[in-house]
Q: 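Dumping the structure here so I can ask a few things about it.
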Number of protein chains: 2
Amino acid sequence: MERSVTFFGLETINRVSFLRDDEVFIKQAFEHGSTQFVPFINGAAFATETSDKSGTNLLMLGHQGCPNYSEWPGLLNKIRSVMDTERGWLVESGFTITFLGLMDGDSSFSYKEYTGTPLFAMDLRPASDTLVQKSETKFILDQYEPLGRMQAFNLSNEVASLFSHANMYLDWLRKFLFCPGCASKVFPVHGGTKLQCGNNDESVKCSVRDAAVSNVCFPRTDPVVIVAIVDRCFSKICLARSRRKHGNAVMYSTIAGFMEPAETVEHACQREIWEETGIKVELNDVDILFTQPWPYPCNLMIGCLGLIDFNGDNEIINLEHDKELLDAQWFEMELVSQAFERYGKAPKGLVNFDDRITFPGDTAIAHQLIEHAVIKYKRFNGHL
Amino acid sequence: MERSVTFFGLETINRVSFLRDDEVFIKQAFEHGSTQFVPFINGAAFATETSDKSGTNLLMLGHQGCPNYSEWPGLLNKIRSVMDTERGWLVESGFTITFLGLMDGDSSFSYKEYTGTPLFAMDLRPASDTLVQKSETKFILDQYEPLGRMQAFNLSNEVASLFSHANMYLDWLRKFLFCPGCASKVFPVHGGTKLQCGNNDESVKCSVRDAAVSNVCFPRTDPVVIVAIVDRCFSKICLARSRRKHGNAVMYSTIAGFMEPAETVEHACQREIWEETGIKVELNDVDILFTQPWPYPCNLMIGCLGLIDFNGDNEIINLEHDKELLDAQWFEMELVSQAFERYGKAPKGLVNFDDRITFPGDTAIAHQLIEHAVIKYKRFNGHL
């Protein structure tokens with residue numbers, strides 16, 4: 001795996017973000033014959049089989065939809081008629097939709113110098129009194145299975161990344177129904193990539209509506225630091241035990257935690273390491289390696305390495321600050337390295353350390369951080 | 001300047017984040033004689049002079065307040081009486097308050113094994129009908145000047161970082177008055193570090209209140225990528241012109257832009273570089289170097305380096321995609337390096353390239369990114 005390409009992180013579409021507020025573009029992109037829609041219902045995407053039957057794919061529908069699709073063209077028309085207007089408010093419309101970008105492929109759609117297949121994702125949430133009716137979504141539910149959380153990890157990285165992109169926007173559009181500044185309804189604009197405060201009463205002040213630019217109107221991304229703690233010679237790595245169980249085995253993984261406002265990534269690593277394990281790392285000993293989008297619901301995992309100078313104090317594990325972890329321990333890199341070598345030859349899944357302990361599998365950035373330490377260990381010891 | 005310590009990024013307090021939901025701790029921390037409060041009024045902090053008259057400091061008040069402080073102890077009592085309860089809702093209370101952490105110094109306050117001076121920041125926004133009255137804030141306005149935006153850059157890095165920490169939390173508490181899920185009022189809990197949906201009507205569904213954990217209840221941090229674009233041999237750097245003017249000079253700086261949901265940092269750099277300059281960088285040629293918190297209002301600047309292979313195409317500047325920039329051009333590193341050498345000897349401020357062009361000064365992460373490129377250039381050319 002290339003350094004930068006973590007799972008969910010292989011973006012292959014051009015977001016053409018600067019065209020989102022161009023109504024002519026959005027209209028043409030929506031209506032083009034090649035356009036593809038990724039449907040979600042009540043927050044769940046749908047699975048199909050890949051064309052070569054090798055695995056799971058994500059359901060995408062064109063304007064022609066799928067077999068027994070008679071409701072589909074009418075549904076698209078309804079959506080198109082209120083999209084990016086006040087009537088597109090989820091509570092009344094029963095849907096949200098967002099423009100993802102242009103995907104390489106069919107070049108029959110072009111706008112200015114930009115070509116590609118237009119891609120939209122939509123979440124259908126019909127209720128008894130919404131514009132979109134339950135009966136109109138039945139043809140999808142009748143023919144496809146919802147994509148389960150673990151199933152998303154069976155998608156190809158390219159498709160999983162597209163799912164991640166859709167899920168992050170749709171989760172945001174679902175959660176933000178009312179303006180945090182004035183409690184008015186908020187409705188999506190710019191192809192479902194920005195929210196607009198619907199407060200038309202000028203006598204009611206609203207810090208969101210009245211701001212020249214308000215970050216509240218855009219989707220949020222929560223940065224998380226995730227850090228492999230190793231001694232400076234790469235002979236030991238500190239991994240911690242989560243509550244997750246797999247048969248009789250438990251999983252040991254890297255430390256992670258949400259960044260707080262006004263922290264650097266380096267300081268957030270130092271703080272999380274100390275809070276969760278008691279281990280002390282210097283700010284200058286934190287390196288930022290690579291990152292991963294994580295769509296549960298809208299995280300940015302920032303993968304780091306923290307180098308520890310063992311001095312009889314820095315490395316002492318103390319779980320009593322935050323009390324979040326069940327256990328943490330220093331593992332010999334020699335043994336971790338052997339486990340990763342066995343994993344390279346085995347069917348994928350978790351990495352087995354021994355009968356009782358596993359490490360994360362290769363869709364997790366934690367896996368790549370540990371693997372990074374393994375490679376460094378081998379270099380230090382002349383094996384590479 | 002140490003690699004990791006960007007301006008606003010020198011955090012020196014222990015946030016003891018795991019104690020925030022401990023009501024006994026918050027009460028004791030608030031009431032202790034050594035406790036310090038950073039007051040803001042309507043979003044502005046206040047300036048004082050440093051003890052050695054060398055510059056600007058941030059106003060902090062103890063329980064004893066300042067000269068003519070007779071309203072202060074009563075005000076603190078009012079705040080204490082409704083803090084972390086529904087009655088602490090800004091619209092009715094006229095204030096928000098947040099616990100920042102324990103600062104090294106006076107060790108007379110201790111809780112479990114944690115010692116230090118407790119630090120709170122508060123934003124007073126009295127209206128005619130709020131618990132906090134305008135008359136109670138007058139003693140601050142009468143004696144101190146609000147800290148202007150540019151003045152914050154005159155603070156020591158340690159104090160500026162504390163200001164940044166306070167400002168990010170207070171900005172969030174000010175903006176989020178209503179629940180985005182159900183339009184009920186939201187009020188701060190856990191020492192003003194979490195928001196609670198005040199919807200008590202169980203018949204009204206609320207995706208925020210009913211979630212086991214909801215990221216909506218925590219402050220947001222917006223990640224921004226900021227990237228120096230250099231050719232692989234560090235002989236040229238691409239800098240772009242902002243709208244900012246200083247006398248007759250204009251400033252050329254690095255490219256920056258908000259990250260979007262479901263992007264890696266590496267991909268966001270690739271996208272922003274292409275959107276703003278037309279230049280093409282490979283994902284594997286993006287390195288993440290260091291980061292900076294930016295309190296206007298709650299950004300995380302992620303400083304990167306993008307290496308370009310000149311091939312007659314990659315390096316061609318095209319400003320026509322996003323049309324955000326006035327100009328971008330490739331500068332010879334030889335000349336940039338000379339400007340940085342002159343800057344090292346000059347009074348600080350912006351870096352003068354020539355009579356018409358400046359580069360960012362050393363409180364900006366852009367400065368450090370360009371300086372990083374200068375150092376690499378010198379190494380490549382045997383000057384270091």
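In what follows, chains are A, B, ... by sequence order, proteins preceding strands, each numbered from 1. Please read all numbers here as calculations on a predicted model, not as lab measurements.
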Q: Measure the shortest side-chain to side-chain distance between K323(A) and F18(B) over non-hydrogen atoms and say whether it is less than 4.5 angstrom.
A: no

Q: Taking all atoms of both residues into account, what is the closest heavy-atom pair of G181(B) and F178(A), and its distance?
A: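 What the structure gives for the nearest pair is O-CE1, 3.6 Å.
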
Q: Count the heavy atoms of every other residue, nucleotide or ligand shown that sit under 6.0 Å from CG of D210(B), and state whether that count exceeds 12.
A: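 Yes, enclosed.
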
Q: Is atom CD of E92(A) surrounded by more than 12 heavy atoms (other residues, nucleotides or ligands) closer than 6.0 Å?
A: yes

Q: Quick one: do V208(A) and K175(B) satisfy side-chain contact (heavy atoms from CB on, under 4.5 Å)? Show the steps, please.
A: CA-CA 7 Å; V208(A) 172; K175(B) 278 185 185 153; 5.5 Å; no

Q: Please assess H321(B) against Y114(A) for the test side-chain contact (heavy atoms from CB on, under 4.5 Å), listing each intermediate value before the final yes or no.
A: CA-CA 10 Å; H321(B) 300 306; Y114(A) 310 104; 2.6 Å; yes

Q: Could you pull out the closest heavy-atom pair between E263(B) and L300(A), with the gap in Å?
A: O-CD1, 3.5 Å

Q: side-chain contact (heavy atoms from CB on, under 4.5 Å) between N14(A) and W274(B): does it pass, once the steps are laid out?
A: CA-CA 10 Å; N14(A) 186 343; W274(B) 177 78; 3.4 Å; yes

Q: List the atom of T264(A), the atom of P293(B), and the distance in Å for their closest heavy-atom pair.
A: CG2-CD, 3.6 Å

Q: Which residue out of R15(B), K185(B), E320(B), M168(B) racks up the most heavy-atom pairs below 4.5 Å with chain A?
A: R15(B)

Q: Under 4.5 Å, counting heavy-atom pairs only, tell me which of V186(A), V265(A), L10(A) racks up the most with chain B.
A: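 Option with the top pair count is V265(A).
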
Q: Among C182(A), S214(A), A166(A), which residue forms the greatest number of heavy-atom pairs with chain B at distances under 4.5 Å?
A: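 The residue among C182(A), S214(A), A166(A) with the greatest pair count is C182(A).
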
Q: Check side-chain hydrogen bond (donor to acceptor under 3.5 Å, both in side chains) between D123(B) and all other residues, then give those that pass, not counting sequence neighbours.
A: R125(B)

Q: At a 4.5 Å cut-off on heavy atoms, which part of S207(A) comes close to chain B: side chain, backbone, both, or neither?
A: side chain

Q: How long is the gap from CD1 on I302(A) to CD1 on I302(B), to the nearest 0.5 Å?
A: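 If we round to the nearest 0.5 Å, I302(A):CD1 and I302(B):CD1 are 4.5 Å apart.
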
Q: Based on non-hydrogen pairs under 4.5 Å, which of E260(B), R174(B), M301(B), Q292(B) is most in contact with chain A?
A: E260(B)

Q: Verify the neighbour count for atom CG of N42(B): are there more than 12 heavy atoms of other residues, nucleotides or ligands below 6.0 Å?
A: yes

Q: Distance check, rounded to the nearest 0.5 Å: L283(B) atom CG versus E11(A) atom CD?
A: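 L283(B) atom CG to E11(A) atom CD measures 9.5 Å (nearest 0.5 Å).
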
Q: Using a cut-off of under 4.5 Å on heavy-atom pairs, state which of P219(B), S184(B), S164(B) scores highest against chain A.
A: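 It is P219(B).
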
Q: May I ask you to decide if N215(A)'s main-chain N or O and R220(B)'s side chain share a donor-acceptor pair within less than 3.5 Å?
A: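 Yes.
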
Q: Would you please test E275(A) and S17(B) for side chain to side chain donor-acceptor pair (under 3.5 Å) and show each step?
A: CA-CA 8 Å; E275(A) 285 184 359; S17(B) 62; 2.7 Å; yes

Q: Which region of C179(A), side chain (C-beta onward) or backbone (N, CA, C, O), has a non-hydrogen atom less than 4.5 Å from a non-hydrogen atom of chain B, or is it both or neither?
A: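 Answer is backbone: N, CA, C or O of C179(A) sit under 4.5 Å from chain B.
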
Q: Considering only heavy atoms, which portion of W294(A) lies under 4.5 Å from any heavy atom of chain B: side chain, backbone, both, or neither?
A: neither

Q: Counting only non-hydrogen atoms closer than 4.5 Å, does N299(A) touch chain B with its backbone (N, CA, C, O), its side chain (CB onward), both, or neither?
A: neither

